[in-house]
Amino acid sequence: MGILGLVLAVGALAIAQWWHGGSLLTLLDGPAFVIVVGGTWGAVILQTPRKYMLAALGQARWMLFPPQWDLARQAERLQTWAQFARQQGLLALENQAEEELEPFTRQGLAMIVDGVPIDDIRRLLEADIDIEQERNEHAARVFESMGGYSPTIGIIGAVIGLIQAMFHLEEPGTLGAG
């Protein structure tokens, strides 16, 4: 859905510009791009601790390509493991735990095999979920701050353009340069 949203937003801008008779190339202004993107990144880097910035960059792919979870398939796997454990015993799940690719599920299975009480397993896995959620929230705050800074930096860019235009008031032929 992320890519669809991006395509829709850019498409709407392009269609509106074309509809008004403007050139689509006027939307691609190099100096304005540098001011907005560079200024936004600068402001975000200035306010964000390094570890949160790196975590946000690592999570950036999720915005366009969010992970897909097949919950029905996972429920079937859990049901299969439960049935297998009833028939073969909990220790028989050790091979399934070692073959499991997803770390969270592997950790849960390993704790079951090790005989960790169910309440402790729940508490430990919920703590892992809370830690991951907090990490994701820090990354989200980085992108949220970018959304807050971009319009402000854009206005600063517009003011810079007006100031440049004011320098050319005595030369009406060059007023549009700013």
Side-chain angles (χ1 to χ4, degrees), residues 1-74 100-108 110-111 121-169 171 174-178:
M1 292 305 280
I3 289 184
L4 177 64
L6 182 63
V7 168
L8 183 62
V10 171
L13 290 172
I15 289 170
Q17 179 72 357
W18 170 77
W19 196 347
H20 259 284
S23 168
L24 296 180
L25 293 177
T26 59
L27 294 175
L28 303 175
D29 185 54
F33 180 83
V34 169
I35 288 171
V36 173
V37 173
T40 298
W41 274 105
V44 170
I45 289 170
L46 184 65
Q47 78 150 29
T48 305
R50 179 186 167 114
K51 72 177 188 175
Y52 297 143
M53 178 61 74
L54 294 176
L57 292 174
Q59 295 288 340
R61 184 171 170 244
W62 278 32
M63 290 188 305
L64 298 175
F65 307 105
Q68 301 296 318
W69 301 103
D70 187 353
L71 297 179
R73 182 175 171 269
Q74 183 69 359
E100 178 58 39
L101 298 176
E102 207 283 306
F104 184 78
T105 306
R106 183 174 51 244
Q107 180 184 9
M111 286 191 285
I121 293 173
R122 177 177 285 125
R123 185 175 41 78
L124 291 168
L125 291 178
E126 285 176 352
D128 282 353
I129 291 170
D130 291 342
I131 289 168
E132 183 67 21
Q133 183 175 352
E134 184 175 335
R135 187 177 306 128
N136 289 339
E137 286 176 5
H138 283 295
R141 282 190 210 112
V142 170
F143 294 109
E144 183 179 10
S145 66
M146 290 177 88
Y149 285 127
S150 291
T152 305
I153 301 295
I155 296 297
I156 291 171
V159 169
I160 290 171
L162 288 172
I163 290 171
Q164 288 179 357
M166 294 295 187
F167 279 122
H168 299 286
L169 280 179
E171 304 167 29
T174 60
L175 274 178

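Values below: all heavy atoms of this structure, side chains included; hydrogens, waters and symmetry mates excluded. What you see is a predicted model; the values in this text were computed from it and never measured.
- Here the side chains of Trp41 and Met53 are in contact, with some heavy-atom distance below 4.5 Å.
- In this structure, OG1 in Thr48 is found 13.0 Å from CZ in Arg50, a value given to the nearest 0.5 Å.
- Residue-environment remark: CZ (Phe33) stays at or below the threshold of 12 foreign heavy atoms within 6.0 Å.
- In this structure a side-chain-to-backbone donor-acceptor pair under 3.5 Å is present from Ser145 to Val142.
- Counted within 6.0 Å of CZ on Arg123, heavy atoms from surrounding residues, nucleotides or ligands total more than 12; the atom is thus considered enclosed.
- Considering CD of Glu144 and CD of Glu137, their distance stands at 10.5 Å, rounded to 0.5 Å.
- For the pair Asp128/Leu124, no side-chain contact is recorded, criterion being any heavy-atom separation below 4.5 Å from C-beta on.
- When every heavy atom of Tyr149 is checked against every heavy atom of Val44, the shortest pair comes out as CD1-CG2, 3.8 Å.
- Between Gly154 and Val36, the shortest heavy-atom contact is CA-CG2, 3.8 Å.
- Atom CE of Met146 and atom CD1 of Ile153 lie 11.0 Å apart (nearest 0.5 Å).
- In this structure, the separation between CG on Leu13 and CH2 on Trp18 is 15.0 Å, given to the nearest 0.5 Å.
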Exercise. Yes or no on side-chain hydrogen bond (donor to acceptor under 3.5 Å, both in side chains) for His138 and Arg141, after CA distance, side-chain angles and deciding distance?
Worked result: CA-CA 5 Å; His138 283 295; Arg141 282 190 210 112; 3.2 Å; yes

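- Annotation: Ile155, atom CD1; neighbour count of heavy atoms from other residues, nucleotides and ligands within 6.0 Å does not exceed 12.
- Atoms CG and CE, from Leu162 and Met166 in turn, are 6.5 Å apart once rounded to the nearest 0.5 Å.
- Between Ile160 and Ile35, the shortest heavy-atom distance links the atoms CD1-CD1, 4.4 Å.
- With a 4.5 Å cut-off on side-chain heavy atoms, Glu132 and Asn136 count as touching.
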